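Scroll down for the structure; my scribbles are underneath it.
Quick caveat, the model's predicted, so the values are computed rather than measured. Within every chain, numbering begins at 1; the chains are lettered A, B, ... in the order of the sequence lines, protein sequences first and strands thereafter. Computed over heavy atoms, backbone and side chain alike; hydrogens, waters and symmetry mates excluded.
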There are 2 protein chains.
Amino acid sequence: MQENGSNTRKVTTLSDVAKLAGVSIATASKALNGRAQVKAETRERVVSAAEQLNFSPNVLAQHLLSGRSGTVGLVTHDLDGRFSIPTLMGAEDAAGTGNMSVFLCDARGDSLREQFHVQALLGRRVDGLIVVGARPDPRPSLGRKLPIPVVYAYAPSTDPRDMSIVSDNVGGGRLVAEHLLACGRTRIAVVMGDPGYGAAHDRVTGAVQAFDAAGIGMLGGQALYGSWSEEWGRTAAGIVLAQHPDVDAVLCGSDQIARGVLDTLRESGRRVPDDIAVSGYDNWELLALNARPQLTSVDMELETLGRRAAARLFEAIDGTPISGTETLSARLVPRGSTGPLPSTGQHTAARS
Amino acid sequence: MQENGSNTRKVTTLSDVAKLAGVSIATASKALNGRAQVKAETRERVVSAAEQLNFSPNVLAQHLLSGRSGTVGLVTHDLDGRFSIPTLMGAEDAAGTGNMSVFLCDARGDSLREQFHVQALLGRRVDGLIVVGARPDPRPSLGRKLPIPVVYAYAPSTDPRDMSIVSDNVGGGRLVAEHLLACGRTRIAVVMGDPGYGAAHDRVTGAVQAFDAAGIGMLGGQALYGSWSEEWGRTAAGIVLAQHPDVDAVLCGSDQIARGVLDTLRESGRRVPDDIAVSGYDNWELLALNARPQLTSVDMELETLGRRAAARLFEAIDGTPISGTETLSARLVPRGSTGPLPSTGQHTAARS
DNA sequence: CTGAAAGCGCTTACAG
DNA sequence: CTGAAAGCGCTTACAG
């Protein structure tokens, strides 16, 4: 009944195919692999035998010979998070085009666990390794003594000789600040997330570059740091409104923060974007598309990042030396929460 | 410089170890694998040689012999979604305890892609397969002719002879309805998601069972179906308030819907939970914990589900026949959005 | 064009 | 206790 309850069913082997086709196993191999020196008629006989037996070559054996396993290891620290998943999809994508398969290992931020997984993957003779961080800050290198190439994605290695692919947070901050300026906003507050993240400071740095270039200062002279949460967004918006009632834009460090800011603004009777423009970061569609109005955001293009990481890894596997940090541009995604100031009015004061 | 730019570095092999230890490769093998018939002193010499050379046995070769690869394939259809990831984590978890590694393949809802991945995994001689759906509705079987066992997780197979592990949506709906009843609510509206999902109807069915047992009817006599979005939650809450201003609870089909409902209630001046209790489903912490108040929800315990799927798969790999659908109970997570009616009052009417 | 033989890295009876 | 030999499933020179 349950035919696959146990592995008793014998898997067909090349020698089964050869026997059925009435040839040697060497000839069967050549026929199936499209080698030139096989008579057409013989090849056909072998191929049809293989089909008949539903033959699928044992890749493990093939790779024992070739010295390559056709697999890569993906060690992630953030399987539940939203950063590693798109990275991982991009990598799987790039891998899938060839005949690579991906081992997924979740190290959960624990470096012992990471070490354990790396050893296991080495034993499986993966051809290379991609390490995906949970947050964009630099992380310790796996070292340079591994027999296979490694690419660090999202979170770079602290060792500059390693290959890392990261998102440009400075550029992303600049991009969205420039957008707000282009919308005619001049009194722009910055509400950032956890100051323990390098990305938080990078995004502020980028925004300040844009403000400087426009010859205006950040509203209040400095960014408000807190956490990456809606709660903090609500609180921070209250602070901004109290201290700077004439604010005309809030640049937020994440979409979660922006959602909180939007809530407080709405409940204070401020219209978005007419009175105040609001921008997020991450372009997390769940949050951005369900916001009222929909949220202008910055997309780090993590899938591209993952694809790039995999591409670099494959180059390295093919022998091209790789090294250094590659920074990927972010992309602005304008939506309803930002727009030009209404031509009629100055920035209206509180209207509740 | 870049020592791992190409794979030139030769990987140490058991024969290297044997040579260094001055023994045959057979003896080296036995020594490292803890076979009894090896002199302690010899074993020590071999072990230290292995360490010195940083030897890591080629698992591909070992598995060629044993007939098992020590790997399983995880084919998912929802890598970007929130359902497959916890399932996958649970599976990885269960796998990690042994010495299993997991190949991750994203089929993206495309059955051709799925077929392709299954073939590739078969070629890699995985010992078993877990198929994770993107939504809880039944899906076509991969068939019964595969040489390895398969477990369907989250989305069951349509073939009852296959092994499937699913979440109990009827029970979950009943659970949360009972909770609302226990809070003293009697005028309970049900706002469900996309009626194209079996889970939507299942959750309603469970709720109705609880209502029947309590001898009360659903407010309005039927559930409102729409989509799994905040937008729909906002709209639906408006409908409920207009038609049944004396509503005292809203049972929502998802946390997203509940977030929308909460927003409309707040903007209509209704207090949650004093005037109206609100419950979600999924226990998606991002949404549930950031809600005001925090959202009572139902947790499908997807990680447990994944772990269970993997456990069943391993049993099957070990020869135990597996079959049938296993239904996992959901768990109520009470938070601030539900609670007893204030003792002082009846359900207050609109108070805006 | 076809096949016998060697070998990929390992393990396991089987002799010594 | 140790080692030579066979074999896991395949591919690739090398002879015929």
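Residues Leu302(B) and Tyr154(B) form a side-chain contact, since some pair of their non-hydrogen atoms from C-beta on lies under 4.5 Å apart. Looking only at side-chain heavy atoms (C-beta outward), Glu315(B) and Ile322(B) come within less than 4.5 Å of each other.
Neither OP1 nor OP2 of dC10(C) sits under 4.0 Å from any side-chain N or O of Ser29(B). Side-chain nitrogen and oxygen atoms of Ser15(B) include none within less than 4.0 Å of the OP1 or OP2 phosphate oxygen of dG9(C). In terms of phosphate contacts, Ser24(B) brings no side-chain nitrogen or oxygen within less than 4.0 Å of OP1 or OP2 of dT2(D). Between Gln62(A) and dT11(D), a side-chain N or O to OP1/OP2 separation shorter than 4.0 Å is present. In terms of phosphate contacts, Asn33(B) brings a side-chain nitrogen or oxygen within less than 4.0 Å of OP1 or OP2 of dT11(C). Taking only side-chain nitrogens and oxygens, Thr42(A) comes nearer than 4.0 Å to OP1 or OP2 of dT2(C).
Spacing between atom CD of Glu44(B) and atom P of dT2(D) amounts to 13 Å, rounded to whole angstrom units. Atom CG of Leu65(A) and atom P of dG9(C) are 9 Å apart (whole Å). Taking atom CZ of Arg45(B) as the reference point, atom P of dC1(D) lies 14 Å away to the nearest angstrom. Atom NZ in Lys39(A) sits roughly 10 Å away from atom P in dG3(C) (whole-Å rounding). Rounding to whole angstrom units, CZ of residue Arg68(B) and C1' of dC8(D) are separated by 16 Å. As rounded to whole Å, 13 Å separates atom C1' of dG9(C) from atom CG of Leu32(B). Atom CD of Glu41(B) is separated from atom C1' of dT2(D) by 13 Å (rounded to the nearest Å). In this entry the distance linking CG of Asn58(A) with C1' of dG7(D) reads 14 Å, nearest Å.
Annotation for Glu44(B): atom CD does not count as buried by contact number, only 12 or fewer foreign heavy atoms lying within 6.0 Å.
Across all strands shown, dA15(D) is found opposite dT2(C) as a Watson-Crick or G-U wobble partner, with both distances under 3.5 Å.
Nucleic acid contact class of Leu60(B) (heavy atoms, under 4.0 Å, all strands): none. Using a 4.0 Å heavy-atom cutoff across all strands shown, Ser66(B) reaches no nucleic acid atom at all. If you check every strand for non-hydrogen atoms under 4.0 Å, Gln37(A) touches a base.
For the pair Arg125(B) and Ile25(B), nearest-nucleotide mapping onto DNA chain D gives the more 5' position to Ile25(B). In this structure, Arg35(A) and Leu64(B) both approach DNA chain D, and ranking their closest nucleotides by distance from the 5' end singles out Leu64(B). Sequence order on DNA chain C of the closest nucleotides to Lys30(B) and Phe55(B) puts Phe55(B) first from the 5' end.
Ser157(B) and Ser164(B) get closest at one heavy-atom pair: N-OG, 3.0 Å.
In this structure, the nucleotide among dC10(C), dG9(D), dG3(C) sitting nearest to the side chain of Thr27(A) is dG3(C). Among dC10(C), dG3(C), dG3(D), the nucleotide with an atom closest to any side-chain atom of Ala26(B) is dG3(D). When distances are taken from the side chain of Pro57(B) to each of dA4(D), dT2(C), dC10(C), the shortest belongs to dC10(C).
If you run side chain to side chain contact (heavy atoms under 4.5 Å, CB included) between Leu74(B) and each of Thr87(B), Val132(B), Leu121(B), only Val132(B) comes through.
Asp162(B) and Ser141(B) form a side-chain donor-acceptor contact under 3.5 Å, judged by distance and modelled atom types alone.
When the P atom is compared between dG7(C) and dA4(D), the two are found 16 Å apart, to the nearest whole Å.
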